[in-house]
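First listed ligand is number 1; within each ligand, the first listed atom is number 1. Excluded from the calculations below are hydrogen atoms, water molecules and symmetry mates; all remaining heavy atoms, backbone and side chain alike, are included.
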Amino acid sequence: MTQILVTNSEGRPGVGKTAEMLAAGHGGLDAIEAGIRLVEADTSIRTVGRGGWPNLLGEVELDAAIIDGNTFRSGAVGALKGYLHPISIARAVLERLPHEMLVGEGAARFAHETGAQTADNLIPDSERVWRQWFEEKVSPDDQRKWPNVPLAELCQQAIDPEKGMDTTVFLSLDGRKEIMAGVSTSGWAWKYPGRLGDSPIIGAGCFADSEHGAAACTGAGEMAIRAGTSRAIVLYMKMGLSLEAAVDEAIADLRRLKGGLIQRITLHAIDRDGRHRVVAVNAEEQLTYWLWQEGEAEPHAEPAEIIAL
Ligand code: GLY
């Protein structure tokens, strides 16, 4: 068995830190949290943390989750406003509460209680783009009544969601042979307030089982929620499928989705023997991911497979 770390392309600011920690013998949960914190703080990553795109009201709502593949203890936060590191608040849910997920005001209340760092996550560039959308797409009458207007129609016309539906995902098999996963995102740009994607939903956006493997998704979270994609991949491995076949089976599940949002979704998976597979389903351009394996000096980028539904 060899240690392995897989992150998607958005993991760039943190993948080196996580690999370094794994190589130094740290456990996966600590290494993943430390790496994701760097992604969340990097404003050049526009779909995670500070710098992430806002919802329809121009507010940045963040989602994150982390799961321990030994115990299946998880922690998740959804629609969290005003904090810099949702991954650490998710970790605190895992460690300090008898719950697995907190959302909205409850998540913010808990974040305050843990002394988590606050942040104004709407950076000037995001505010500028949101305001331009507001002035161009919201009728003068609704602008006057804002925010007390119906949002459903505006949500249907949101800006290219493909731009803003990415995430960062980290999967690790560490030196203790333990498998962990963590994810963090600002979700769908111009989403309806309160919308949760797959990321905070354990089993949809990520799952880990130290006896079998881990999986995580980026892209159209609505698809991963409907198909329970991350849990499905790991369960297919538990039921005896190879990593390759488990991912194929999850793609077959996605093919059965009818109606709703069908877009690009990227599946990332590792198994307990240190194999991995990353498949971009419905991608219109080449996507890359980051890979580090035990013995390598640093992570390197690899092209994802591309498959159409
Ligand atoms: N995959 C991230 C989201 O849909 O919010």
Q) Does the N or O separation between C217 and ligand 1 drop below 3.5 Å for any pair? A) no

**Q.** Distance (rounded to the nearest 0.5 Å) between R226 CZ and L257 CG
**A.** 4.5 Å

Contacts table for residues 109-116: side-chain donor-acceptor under 3.5 angstrom, sequence neighbours left out:
unit_1, atom_1, unit_2, atom_2, d
T114, OG1, A111, O, 2.8

Q: Provide the number and element of each atom of ligand 1 under 4.0 Å from a heavy atom of S199.
A: 2 (C)

Q) Salt bridge between R91 and D30, side-chain N to carboxylate O under 4.0 Å? A) yes

**Q.** Sub-4.0 Å atoms of ligand 1 with respect to non-hydrogen atoms of D198
**A.** 1 (N), 2 (C), 3 (C), 4 (O)

Q) Nearest 0.5 Å, what's the NE2-OG1 distance between H300 and T288? A) 11.0 Å

Q. Can you tell me if R195 has a non-hydrogen atom under 4.0 Å from ligand 1?
A. yes

**Q.** N or O contact, G219 vs ligand 1, cut-off under 3.5 Å
**A.** yes

(Q) Under 4.0 Å from a heavy atom of G197: which atoms of ligand 1 are those, numbered in the order shown and with their elements? (A) 5 (O)

Q.
Working to the nearest 0.5 angstrom, can you tell me the gap between S126 OG and N121 CG?
A. 9.5 Å

Q: Could you tell me whether some N/O pair between T167 and ligand 1 is separated by less than 3.5 angstrom?
A: yes

If you look only at distance, which donor and acceptor atoms sit under 3.5 Å apart when one is on a side chain in residues 240-253 and the other is two or more places apart or in another chain?
unit_1, atom_1, unit_2, atom_2, d
S242, OG, A245, N, 3.0
D248, OD1, R277, NH1, 3.0
D248, OD1, R277, NH2, 3.3
D253, OD1, Y236, OH, 3.3
D253, OD2, Y236, OH, 2.7

